Amino acid sequence: MSVPPAGPGRAGLSSLPDQLATRLAAEIATGERAGGERLHEQDLADRFRVSRSTVREAIWILERDGLALVTPRRGAAVVQLTDRDRAELREVCAVLVARMGELAARRRTIDAVRDIRAALAALGADARASSPGAFALAHHDFVWRLSALAENLALSSQIRNCLMQLGPAICARFADPMARERVCNEWGRFLDAVEGGAPNAAGEAVPGLIAGPDGAAGAARP
Amino acid sequence: MTGAGVLLSPSHGAPRGAADSQGRPLSLAEQIAEHIARDILAGELKPGDGVLEQRVAEALGVSRGPIREALRILEKEGVVVVVPRKGAKVSHLEPAEVNGIFEMRSALYARAARRFALARSDAQLAAIRAHQARMNALPADDPSNDHVDLSSAMAQIMIQNCGNARLATLLNLLQRQVARYTTLGLSSPTRRAESRAGWRALIDAIEARDAGAAERIAGDMVANTHRFAVGMLARAQDGDGDGDARGRP
């Protein structure tokens with residue numbers, strides 16, 4: 001099972017390889033490290049001043065989470081997704097978020113919903129202020145926290161994982177500030193259904209960011 | 001074969017065997033992983049048990065390099081946990097983790113069934129019908145594992161041909177993590193009768209290309225297996241338990 005990435009409040013607990021993997025995962029998810037780019041052990045060891053075995057373990061974590069591909073004798077590289085891969089991932093992610101909504105609608109507590117509303121308001125403020133990459137990471141963290149309402153760690157980890165893999169595509173959509181505000185509104189409606197204790201409505205309120213088609217047409221649609 | 005299940009046998013179109021589902025031959029490490037996974041499924045290695053490299057090396061006559069790689073493969077699949085400098089242990093799943101995986105699996109499986117109902121070919125349907133006929137011919141008190149094997153084989157045809165490779169990979173990964181509980185969930189004659197009835201309804205829906213019904217029935221089938229397995233698990237933990245919590249990921 002996937003170990004949850006270091007989220008807020010967990011950073012102090014993670015090992016060196018975990019921390020390095022989290023750092024590299026963020027670079028991959030924001031597109032700073034493009035698909036196909038090689039992950040050289042020695043270069044990374046030098047840059048982050050860690051041992052090669054730490055780098056190797058971090059790469060194993062990235063491989064486990066579907067962000068890197070390790071080929072025997074050729075080393076590791078950032079996973080390169082085709083359009084079809086992205087469409088498949090989106091579908092898996094949408095199914096998981098729908099299930100998360102159903103479970104959250106049954107298990108949420110009023111206090112927890114209030115905290116998530118506050119987090120969503122903060123994300124909304126970010127939507128106007130931050131860069132697409134920074135907003136994408138803030139958005140992933142928000143979804144990670146939101147998914148905790150479903151009380152299913154494996155599900156939360158898997159959703160986070162899908163979003164990280166879709167990261168560069170999501171970032172591209174977030175280049176448009178309107179798209180950032182739109183996703184906040186969509187999560188607001190999702191949260192309404194969760195708060196109302198309506199599993200079916202929550203299952204159907206998956207944001208278009210996840211459920212919608214890829215490409216410029218998807219990003220530009222009102 | 002004991003409780004290993006046909007998930008591991010190539011004759012039923014399973015994800016693993018001497019070759020993978022695309023017919024690619026398995027590497028040495030993958031074959032070793034296969035061997036260890038079979039011991040775990042058969043209950044010869046229990047949750048929390050150490051997987052000793054030395055012992056595997058002697059049993060299979062292979063060096064420790066590929067064994068270490070095999071353990072990494074199994075770790076990626078959540079089957080074992082590798083602790084630095086201490087070696088590998090069979091994962092122990094807490095009841096909450098088993099529940100979590102089943103909750104995910106039922107949603108994904110339902111989607112695979114929906115897709116398959118729309119995408120299936122007549123030949124694929126015929127292959128499922130042939131397995132179903134064999135399942136229906138099993139005696140009610142059949143002591144073998146054939147019901148579970150045939151059920152897995154039908155599920156594999158559905159999953160591998162659902163048209164979304166990522167969905168299929170994730171489903172198989174989750175199945176591997178909870179395979180023991182799926183077997184438990186199909187262990188009584190009553191449950192097997194329910195499972196036969198579920199398959200009958202599901203295959204009829206698939207034949208009629210009724211995506212909505214296929215989705216609903218498939219989700220319910222996983223949920224029913226889950227409910228029963230959780231009951232068994234709770235009873236097992238009241239007894240001598242399922243190992244300790246140290247092996248958990």
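From a predicted model like this one, the values you see are computed outputs, not experimental measurements. All values below were derived from every heavy atom in this structure, side-chain atoms included, with hydrogens, water molecules and symmetry-related copies excluded. So that the names make sense, note that chain A is the first sequence line, chain B the second, and so on, each numbered from 1.
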* Asked: Among residues 101-113 of chain A, which ones touch chain B with a heavy-atom distance under 4.5 Å?
  -> A:L103, A:R107
* To do: Select, from A:I61, A:L96, A:N152, the one with the greatest count of heavy-atom pairs under 4.5 Å involving chain B.
  => A:N152
* Asked: If every non-hydrogen atom of A:C171 is compared with every non-hydrogen atom of A:G133, which pair is closest and at what distance?
  -> SG-CA, 4.0 Å
* Looking only at heavy atoms, what is the nearest atom pair of B:N164 and A:E91, with distance? -> ND2-OE1, 3.0 Å
* To do: Just say parallel, tilted or perpendicular for the rings of A:W187 and A:H139, cut-offs at 30° and 60°.
  => tilted
* Asked: Checking B:A165 against chain A: side chain, backbone, both or neither under 4.5 Å from a heavy atom?
  -> both
* To do: List the atom of A:L67, the atom of A:A25, and the distance in Å for their closest heavy-atom pair.
  => CD1-CB, 3.7 Å
* Kindly indicate whether a cation-pi arrangement holds for B:R105 with B:Y109, taking the cut-offs as under 6.0 Å to the six-membered ring centre and within 45° of the axis. => yes
* Grab the two heavy atoms, one from B:P47 and one from B:S91, that are nearest each other, plus how far apart they are. => CB-O, 3.6 Å
* Closest heavy-atom pair and its distance - A:G208, A:R173 -> O-NH1, 3.6 Å
* To do: Heavy-atom distances under 4.5 Å only: say whether B:R166 touches chain A with side chain, backbone, both or neither.
  => both
* Contact part of B:L170 toward chain A, heavy-atom cut-off under 4.5 Å: side chain, backbone, both or neither? -> side chain
* **Option from B:I159, B:I128, B:L202 for which side chain to side chain contact (heavy atoms under 4.5 Å, CB included) with B:M154 holds** => B:I128
* Asked: Which bit of A:L89 is near chain B, if near means a heavy-atom gap under 4.5 Å: side chain, backbone, both or neither?
  -> both
